[in-house]
Each structure stands twice: as structure tokens, then as C-alpha cells.
Amino acid sequence: MDVVLAKMSWKLIPCLRSELRLDIVLKCGQSFRWKSFNDQPDQWIGVLGSRVWLLSQDQDHLKYKTFPKAEEDSGALDAFLADYFQLKVKLQPLYKVWAKEDPVFEKISSKFSGVRMLRQHPVENLFSFICSSNNNIQRISSMVENLCIHFGTEIWKHEGVSYHTFPSVEQLAKNPMNVEKKLRGLGFGYRAAYIAKSAKQIAENGGEEYLLKLRTLPYQEARDELLKLTGIGPKVADCVLLMSLDQTAAIPVDTHMFQIAANKYLPHLKGYKSVTDKAYKEIGDHFRSLYGDYAGWAHSVLFSADLKHLRDIESDTDTRVESKSKESKSSGSPMLKKRKKRA
DNA sequence: AGTAAACCTTCTAG
DNA sequence: ACTAGAAGGTTTA
């Protein structure tokens, strides 16, 4: 059926599975557009820039194909993908430190290895997370899809399925009244106005370039800029800072992280009904002092391990040695150096 | 400054 | 079948 696609050969990028787990990273709520391809559990299809990407991996490589056929030299494509996955950042040394500092992290670290931050485009990241407020992943994903279908540009058609770019700021800012109305009709609810207004605000400030420039600002300054936008509060701002603006220590505190913090780290927070500004800051500060400069990355591991649909994900097949005891240590003293093996 | 209610829609536990 | 609650919060009062 997919003769053409199947025949195309994979491009390979050296990358250990312990440094990247596509099945987790692509499905842990950082981005919302990656879907498993043709029911294959280890192949993922999505759009990056103005190209459709098919991704997979083996023990030592990240593998990809792109569509439509590119004349572009594969060196540039390699670099593009390596940047998206931030492969320059080595996870294993970080995991080692985080596990040493935190027994809770240590406990989940072997099963949830290879969880890293994507370096997303701020436009997609920002508008996707405006959709995320008071919402669930399934619906967020379908809203993002609708954003692309109705405002993006079609770039490829395959077996009756169209693939679109994520809309540009201009495409979302063209006619705010119409955009809002259209989004309402698509079931965006009150987020329709947030998107239309933010798009307009960003466009007036210089559009995509303005957002990209936030990467050069210190955390607090970039955050203050984001908070000026409609529909972006502290949590979404930190998501954008962490996921597309290079702020590795940003910690988005959502209802999930609040629960995790209250249950496992800061028991006194159990009294709070909701995440107050004070609690928000306290939780972020706690994890930053615990994990250091890449605290946001560590937070993402905790978050992923807590997601319902990922909680029972299969452990890295590389860890075949398995220690069949699911819960035998009681003292919590981390002196057992179980051979999780590693190269 | 800090707290509470309203906000769109969809899915689910009861 | 029907309803209250929650879902990766933000805005307004």
C-alpha cells in the first residue's frame, strides 16, 4: 500500500535510545501534532516547518524521512532535526545528578529514560498552549489540528489525508473578528478570543521575529513580555519559556505538578484548594533548587511519568535485565547499585 | 496583594 | 439516560 513510502530509505542520525524516547517525548503533551503512523507503534508522523516528517528510531539512531521529496541536502535536515530534539544536550549526565538529588526521580528514571525537551517553534508552541487552559490533551490536540486545517497552508497530500503547516502569526491575525468567529464555530470556546487577540498583539509587535527574539532575553524579561498577551498567564508563559524559548529552568506548575508537589515534596501545600501565586512560586523554586539549571527538563520527566496514558509504557527494551521486584526496598536508602546497565 | 467566580466544550465517573 | 466534575488556566470582579 505504502509502497512509495516503504521503499524510501531512512536517514539516520546517531542517537542512543537512552538519550531519546520518541514514544514518550512525542506524546507527553509538549507538542500536539505527532501521531503514530499507519498504526505502527514505533513510527510517528507530523509537521515541522513546511515539511512532513516521518520519525522512528532503533537502539542507536534517530531515523527520519521527509515529504514532499526534498532537494535540500540532508545535512541541513539532520541539523534541523537535531535542533528540534536538542541532541546537543546530553541527558544521561543530567539524569545522574537528578537521581542523586532526588529519590523520587531515581525511582522513575530508568523506566522514563530519554525524556527531553523539544525545542519548538514559539508560534506553534504559544498558540497550542493558549488552547490548553482548563482543557484536556485529547481536545487540545483536535483544536490544534483544526487550527492547522483552517488557517495553515497545505503542504502534502497522501492517501487522501492533507497535511498543513501550523498557521503563521499573519494567518491568525489577518482579520481578528473573523478569526474569533470561525474559531468559536470550531468549538474553541472562550479560547477563540484569546487566540485572535494574541495573534493581533504579536503581529503588531513584529510577528514571529518578535517571539524568536524573546530567546535572547533573560527569563524574567521574556516572561513579562508573554504575560502581556491575552490568554497567557503564568503557567502557559512558563510552558512557552521552557519549550520554545530556551529557558531550561522554567517550571510550569499546572494542576498535575501541584498534586505531585503536594503529595511528594511539599506536604504543607495540601491545604491549598488551588495554585495560588505564592504556591506557584514556591513549587518552582523548590524544584529549581533541587535540580538546578535544567530543572524544567527534570520536571518534564516527573510530569511524563504521571500521565495516565504513559504511566504503563514499556520500559526501555535495553533494560532487559529487569529486577522483577517491583517494590522491595523499604528503607529508601539508595545504596543498591542495581545494574541498570549502560554503555 | 490575595481570593472567588465565570468561562466554552467534551468526556467520564457515578 | 442523566448530571456533576474535571480537564496541562486566565480573566475579571
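Given the structure is predicted, the values throughout are model-derived calculations rather than measurements. The chains referred to below are lettered A, B, ... by the order of the sequence lines, with proteins before strands, and numbering in each begins at 1.
- One interatomic measurement links the two molecules: CG of A:L229 to C1' of C:dG9, which rounds to 15 Å at whole-angstrom precision.
- For the atom pair NE2 of A:H61 and CG of A:L20, the computed distance is 13.0 Å after rounding to the nearest 0.5 Å.
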Does the protein touch nucleotides 9-14 of chain B at the base, only the backbone, or not at all? Give it as B, S and - per nucleotide, heavy atoms under 4.0 Å. BSS---
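- Counting only heavy atoms from C-beta outward, the side chains of A:I202 and A:F127 approach each other to under 4.5 Å.
- Contacts of A:C28 with the nucleic acid, taken as non-hydrogen atoms under 4.0 Å apart, include base atoms.
- Side-chain contact between A:L226 and A:L241 is present, with heavy atoms from C-beta onward closer than 4.5 Å.
- Between the side chain of A:Y190 and the base of C:dG9, at least one donor-acceptor pair of N or O atoms lies under 3.5 Å.
- Under 4.0 Å is where a charged nitrogen must lie from a carboxylate oxygen, and between A:D238 and A:R223 at least one such pair does.
- What separates NE2 of A:H256 from C1' of C:dG9 is a distance of 14 Å, to the nearest Å.
- In this entry the distance linking CG of A:D277 with P of B:dT3 reads 8 Å, nearest Å.
- Proximity of the aromatic rings of A:W53 and A:F80 is defined here by a centroid distance below 6.0 angstrom, and this criterion is met.
- Ring-centre distance between A:Y194 and A:Y190: below the 6.0 Å cut-off.
- Heavy atoms of A:V275 sit nowhere under 4.0 angstrom from any nucleic acid atom.
- Using a 4.0 Å heavy-atom distance criterion, A:Q30 is classed as a base contact.
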